[in-house]
Amino acid sequence: MPGLTWNDSLKLWIEVIDAEHETLLAMLNHTTEPDGALVTARDGTELIDRLLLFVTDHFRHEEEVMVKINYPDFESHRRAHIKLREQARFFKTVLIEEGDPALARIELAGFLSDWLANHLVQVDLLMAPHIARHIALKGPL
Ligand SMILES: [Fe+2]
Ligand SMILES: [Fe+2]
């Protein structure tokens, strides 16, 4: 997503989660480069498939952390993960039906920046103080 590159302010200070977020941002940023990887609508659907596969593990890792720290917003965060997966699957069907590469690329870039980068900043980062507190009181996760 334009304007969002990986940096320490995005960290939750859990190695596996941070590494996954860094990878996801790199995948998203790649789609918005002027000579990015997406040429056809099929590239778009393949990217969504790769992302869905990747976030299945990633969301599970986050949910495991939330359980460990007894996170108060666990349920709403988990629902957000379910919704993100549904949106990605829906967008994939739109791409397949439209089949217009140029449009697909523009829409996909916008969709992905909303889809995941916003979730990272607006939802995942809310866990940061809870994680920090847990680590301070009980040690590393
Ligand atoms: Fe995340
Ligand atoms: Fe999340």
Side-chain angles (χ1 to χ4, degrees), residues 1-136 138-141:
M1 142 181 200
L4 189 60
T5 48
W6 182 248
N7 67 81
D8 276 1
S9 78
L10 299 174
K11 281 188 179 177
L12 293 173
W13 303 101
I14 296 175
E15 208 174 334
V16 66
I17 306 268
D18 290 335
E20 286 166 348
H21 281 158
E22 188 174 4
T23 300
L24 280 165
L25 273 189
M27 286 167 89
L28 301 189
N29 286 338
H30 191 49
T31 67
T32 57
E33 286 166 7
D35 58 348
L38 297 177
V39 179
T40 66
R42 189 162 163 207
D43 294 333
T45 61
E46 285 173 359
L47 174 70
I48 289 178
D49 282 339
R50 281 203 303 280
L51 284 165
L52 276 169
L53 207 62
F54 192 88
V55 298
T56 297
D57 283 342
H58 171 61
F59 290 167
R60 196 186 67 244
H61 293 152
E62 276 185 6
E63 288 162 17
E64 285 167 0
V65 166
M66 288 190 264
V67 170
K68 273 189 201 160
I69 66 170
N70 208 7
Y71 186 54
D73 292 325
F74 172 73
E75 269 310 315
S76 64
H77 194 148
R78 195 180 64 87
R79 277 198 302 275
H81 286 167
I82 292 168
K83 201 171 160 201
L84 285 171
R85 269 177 294 204
E86 284 170 0
Q87 285 172 325
R89 284 192 280 265
F90 174 75
F91 195 85
K92 196 178 136 184
T93 63
V94 172
L95 277 186
I96 291 167
E97 279 163 22
E98 281 185 358
D100 175 342
L103 189 65
R105 184 172 160 166
I106 293 163
E107 287 185 350
L108 186 66
F111 167 74
L112 290 176
S113 59
D114 273 359
W115 182 67
L116 203 74
N118 285 355
H119 178 80
L120 170 58
V121 172
Q122 293 167 9
V123 180
D124 289 348
L125 284 183
L126 298 179
M127 291 191 289
H130 296 267
I131 290 168
R133 188 164 172 271
H134 185 95
I135 291 172
K138 299 190 175 170
L141 283 155

Chemist: Any ion pair linking Lys68 and Glu64 (charged N to carboxylate O, less than 4.0 Å)?
Modeler: no
Chemist: Would you say Asp8 and Trp13 make side-chain contact, with heavy atoms under 4.5 Å?
Modeler: yes
Chemist: With a 4.0 Å cut-off, would you call Arg78 and Glu75 a salt bridge?
Modeler: yes
Chemist: Using the side chain to side chain donor-acceptor pair (under 3.5 Å) definition, which of the options His119, Arg60, Glu86 pairs with His81?
Modeler: His119
Chemist: Supply the atom-to-atom distance Ile131 CD1 to Ile69 CD1, rounded to the nearest 0.5 angstrom.
Modeler: 5.0 Å
Chemist: Answer yes or no: are there more than 12 heavy-atom neighbours, outside Phe90 itself, under 6.0 Å from its atom CZ?
Modeler: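 Not buried by this count: 12 neighbours or fewer within 6.0 Å.
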Chemist: Nearest 0.5 Å, what's the CH2-CG distance between Trp6 and Leu120?
Modeler: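 The distance works out to 6.5 Å.
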Chemist: Can you name the one residue among Asp18, Leu4, Asp124 that meets side-chain contact (heavy atoms from CB on, under 4.5 Å) with Leu10?
Modeler: Leu4
Chemist: According to side chain to side chain contact (heavy atoms under 4.5 Å, CB included), who are the partners of Val16, at least two apart in sequence or on a separate chain?
Modeler: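 Partners of Val16 under the side chain to side chain contact (heavy atoms under 4.5 Å, CB included) test: Ile14, Glu20, His61.
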Chemist: Measuring from Asp49:CG to Phe54:CZ, what's the distance to the nearest 0.5 Å?
Modeler: 15.0 Å
Chemist: Is there side-chain contact between Ile48 and Trp115, with heavy atoms separated by less than 4.5 Å?
Modeler: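 No, side chains not in contact.
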Chemist: As an exercise, state the distance from CD of Gln87 to CD1 of Ile82, rounded to the nearest 0.5 Å.
Modeler: 12.5 Å
Chemist: Working to the nearest 0.5 Å, report the span between OG1 of Thr5 and CG of Leu28.
Modeler: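 So the OG1 of Thr5 and the CG of Leu28 are separated by 12.5 Å.
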Chemist: Can you find a pair of side-chain heavy atoms, one from His21 and one from His58, that are under 4.5 Å apart?
Modeler: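 Yes; the side chains approach each other to less than 4.5 Å.
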